[in-house]
Trainee: 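Supplied in structure tokens, the structure appears directly below.
The basis for the numbers below is simple: all heavy atoms, side chains too, and nothing from hydrogens, waters or symmetry mates.
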Amino acid sequence: MTQPPPHPLNPFLEAEHSYYSGDFDKAQLLYQNYLKGKPSGARGNTALYRLGNIHQKNFSCATALRYYKMVLNREPALELTHDTKFGQAQCLFELEQYDEAEASLEEIVFSHPDAKKKWEAKIYLGRLDGKRLDYQKAIEKLKVIYSQSEDKTIQDQTKELIRQIVTKNLDKITLIRFSIKYSSGFPLDQILLRLISIYRDERDLEELQKTITRFLQLFPEKPERLALESTLKQIESNKENKLRLGVVLPLTGKMSLNGQQVLQGVQLAVNESNLTYQGEELETVVQDSASAPIEQLVEKLATDPSVIGVVGPVLSDSVRDLVPIADRYHLPMMTPTASSSGLAELSPYVFRNAVTRELQGKYIAEYAVNRLGLRRFVILHPSEEFGFKLTDIFVNEVESLGGEVVSVIPYERSQTDFKKQIHEMGGIDDDGLRKLVNDQAKNNIESKPLGQNGQMSRPLVEMGLWSEDEVQNLKVSLELSYDSIFLPGFYDKVGLIVPQLVFYNIDTATLLGTRGWNSPELTKMTGKYMREGYFIDGFYAQSKRPEVVKFVREYKNTFGEDPTLLSAQAYDAAKMFFKTIHSGAKNRLQVKKELLQIRRFQGVSGETTILSTGEAEKKLFMMKIVKKKVVEAN
């Protein structure tokens, strides 16, 4: 339909122009202003109809109904009457007034002059049966429309509606009944595919084989054929009917070192575990994610009904790429390394056992406030994405616990001199401190108060005698308005910052950090200047915890090297999957349910609880730097 040109002197035509241009908010105001003149005739009817249509587009169906009723009460032209009744029927449907909607739709099917509108009304009648939970009747009506209509858009719409009913609304018993009722054609293909999905989830291998075989006989040209033939081969090759745990890691290429560390953690968990329980035997299937597209590898695992879950992948982007496959095949995946925010929330089948920024920021803040009794904080962070993220999390957690962050100061990654930032924190070197005290004494000036809205620091004279124009034998320190500094940077920058803090007499604040501190280089760089520092990590190989001591010993005996954080997190991820099998899980749906039941799992990467989101809530390792050495604090 062509757009009417704008007509500034004619409010109705101006409203029509806005309506056809898609500016519905403006059109609504113009139609309402036009109706204030109480116009009669066709234009008044059209204005009311348009307002109803605009409200319907905005999902304000109750308001739309009022306008449609006003139109019908004015006895409009026949064409407008038909369109108004169709809009009215649609609104009644959306408002769940199904009896009234059904009567209106049946009238439209009988009387509407537009054939496509009649088909659309029939589709609504089929959907209405679905809303009443009469799915068989809904499918029958939609199937008739699909077979009789020659309009491709109508055919596509009905086909999709039937597919949705089959996949989302029908239980297994109903699907089996429908698979007997329909002997060929559509929607039998959709019904059989849904049953295949259910039997795969349940690991009902006998019914799965029967149903796949029937599907391939009836629908040999369908695109699902290759994947289903692969599933039959996988079942045939697994004569012992073993459960399988997929492990998807980069074992070649630039990420191979990380992949190898993860794999060794999984292998040690396998070596230590009893993989036969109540007649069920478990084996691992390892795939190199660098050897082929990761989606292809995981889909091959997902089509195997004996695969009950996957450890991996290692990268956050790979997790995102695999979400559609995890959802389609109901396959639990637990990444032991990916740390980007919100990954587990992408799918009910994605789990994580890794140290995230959220976990670090919350844990160090809670430890500082509740265990160390710190209350006032300054944050000195790198101007990088991770620095801003950790800062936000730390601030929110501190404030929720009743603490206060008095200043947040950024620095650039390229910096080596932090004088400007330390001055902002109230730092003063020795010469400046003595001069300040002498000036205050000479001029009889008192230091301004610290605290809220006060100074960041002030001199604290511990000893001194006034002699002529200066203070003799002066001993002075710097009193701070805060008791802790959070440094969420990496060890190379923290190693430069700490000595400079002491140089500027900021030497009484407790220093806090994240896992970026965990390097032997840090204590070498800070030396005697690190008076009291704490940092967290997801694993500490020198821990005295019994489970960690045993893990480290067995790992070194097996692989001849120390375990890493990645090895520890992968070890725990595999152990949690094994725990689900020992809890009685025999298929992927049961594994998912059992993973969500894990509470206070005593892992080597910290005590772990799996939350309803699939995220791991962990008690991290708190390390304290004492006399140039790192010791476990918790």
Trainee: Evaluate the side-chain contact (heavy atoms from CB on, under 4.5 Å) criterion for residues Y363 and M622: first the C-alpha distance (whole Å), next the side-chain angles of each, then the deciding distance (0.1 Å), finally the verdict.
Mentor: CA-CA 9 Å; Y363 197 86; M622 182 63 64; 4.1 Å; yes
Trainee: Below 30° counts as parallel, above 60° as perpendicular, anything between as tilted: where do the rings of Y555 and F551 land?
Mentor: tilted
Trainee: Can you tell me if Q415 uses its side chain to pair, donor with acceptor, with the backbone of E412 under 3.5 Å?
Mentor: yes
Trainee: With side-chain contact (heavy atoms from CB on, under 4.5 Å) as the test, would you mind laying out the steps for V369 and F377 before giving the verdict?
Mentor: CA-CA 10 Å; V369 174; F377 301 85; 4.0 Å; yes
Trainee: Quick one: CG on L501 to CG on L511, what's the gap to the nearest 0.5 Å?
Mentor: 6.5 Å
Trainee: Tell me whether the NZ or CZ atom of K419 lies within the 45° cone about the ring axis of Y504 and under 6.0 Å from its centre.
Mentor: no
Trainee: Check whether R352 reaches the backbone of A338 with its side chain - one donor and one acceptor, N or O, closer than 3.5 Å.
Mentor: yes
Trainee: What do the steps show when you test E358 against K389 for salt bridge (Lys or Arg N to Asp or Glu O under 4.0 Å), and what is the final call?
Mentor: CA-CA 8 Å; E358 288 83 358; K389 182 70 174 178; 3.6 Å; yes
Trainee: Which residue is it: D572, T609, N353? I am looking for the one with a side-chain hydrogen bond (donor to acceptor under 3.5 Å, both in side chains) to K618.
Mentor: N353
Trainee: Under the 3.5 angstrom rule, does the side chain of S481 hit a backbone N or O of M456 as a donor-acceptor pair?
Mentor: yes
Trainee: Sub-3.5 Å donor-acceptor pair from the side chain of R357 to the main-chain atoms of I393, do we have one?
Mentor: no
Trainee: Short question: side chain of Y482, backbone of M425 - any donor-acceptor pair under 3.5 Å?
Mentor: yes
Trainee: Look at the aromatic rings of F486 and F394 and report parallel, tilted or perpendicular, splitting at 30° and 60°.
Mentor: parallel
Trainee: If you count every heavy atom of other residues, nucleotides or ligands that lies below 6.0 Å from F388 atom CZ, does the total exceed 12?
Mentor: yes
Trainee: Verify the distance criterion only: is there a donor paired with an acceptor across the side chains of Q234 and T303 at less than 3.5 Å?
Mentor: yes
Trainee: Give me the atom names and distance for the closest heavy-atom approach of T608 to I598.
Mentor: O-CG2, 4.0 Å
Trainee: Look at the side chain of Q542 and the backbone N and O of E632, then say whether any donor-acceptor pair between them is shorter than 3.5 Å.
Mentor: no
Trainee: On the six-membered ring of F621, is R545 placed so that its NZ or CZ lies under 6.0 angstrom from the centre and within 45° of the ring axis?
Mentor: yes
Trainee: Side chains of Y329 and E299 only: does a donor on one sit below 3.5 Å from an acceptor on the other?
Mentor: yes
Trainee: Can you tell me if T564 and S567 form a side-chain donor-acceptor pair at under 3.5 Å?
Mentor: yes
Trainee: Using a 3.5 Å distance criterion without hydrogens, assess whether the side chain of R376 forms a donor-acceptor pair with backbone atoms of S484.
Mentor: no
Trainee: Minimum heavy-atom separation for I610 and L595, please, with both atom names.
Mentor: CB-O, 3.3 Å
Trainee: For F386 and T514, what are the C-alpha separation, side-chain angles and deciding distance, and is it a side-chain contact (heavy atoms from CB on, under 4.5 Å)?
Mentor: CA-CA 11 Å; F386 78 90; T514 54; over 6 Å; no
Trainee: Sub-3.5 Å donor-acceptor pair from the side chain of S289 to the main-chain atoms of L249, do we have one?
Mentor: yes
Trainee: Mind checking the NZ-CG spacing from K593 to N587? Nearest 0.5 Å is all I need.
Mentor: 11.0 Å
Trainee: Determine, step by step, whether E397 and K362 satisfy the salt bridge (Lys or Arg N to Asp or Glu O under 4.0 Å) criterion, reporting the C-alpha distance in whole Å, the side-chain angles of both residues, the deciding distance to 0.1 Å, and the verdict.
Mentor: CA-CA 6 Å; E397 188 68 13; K362 287 182 178 180; 5.3 Å; no
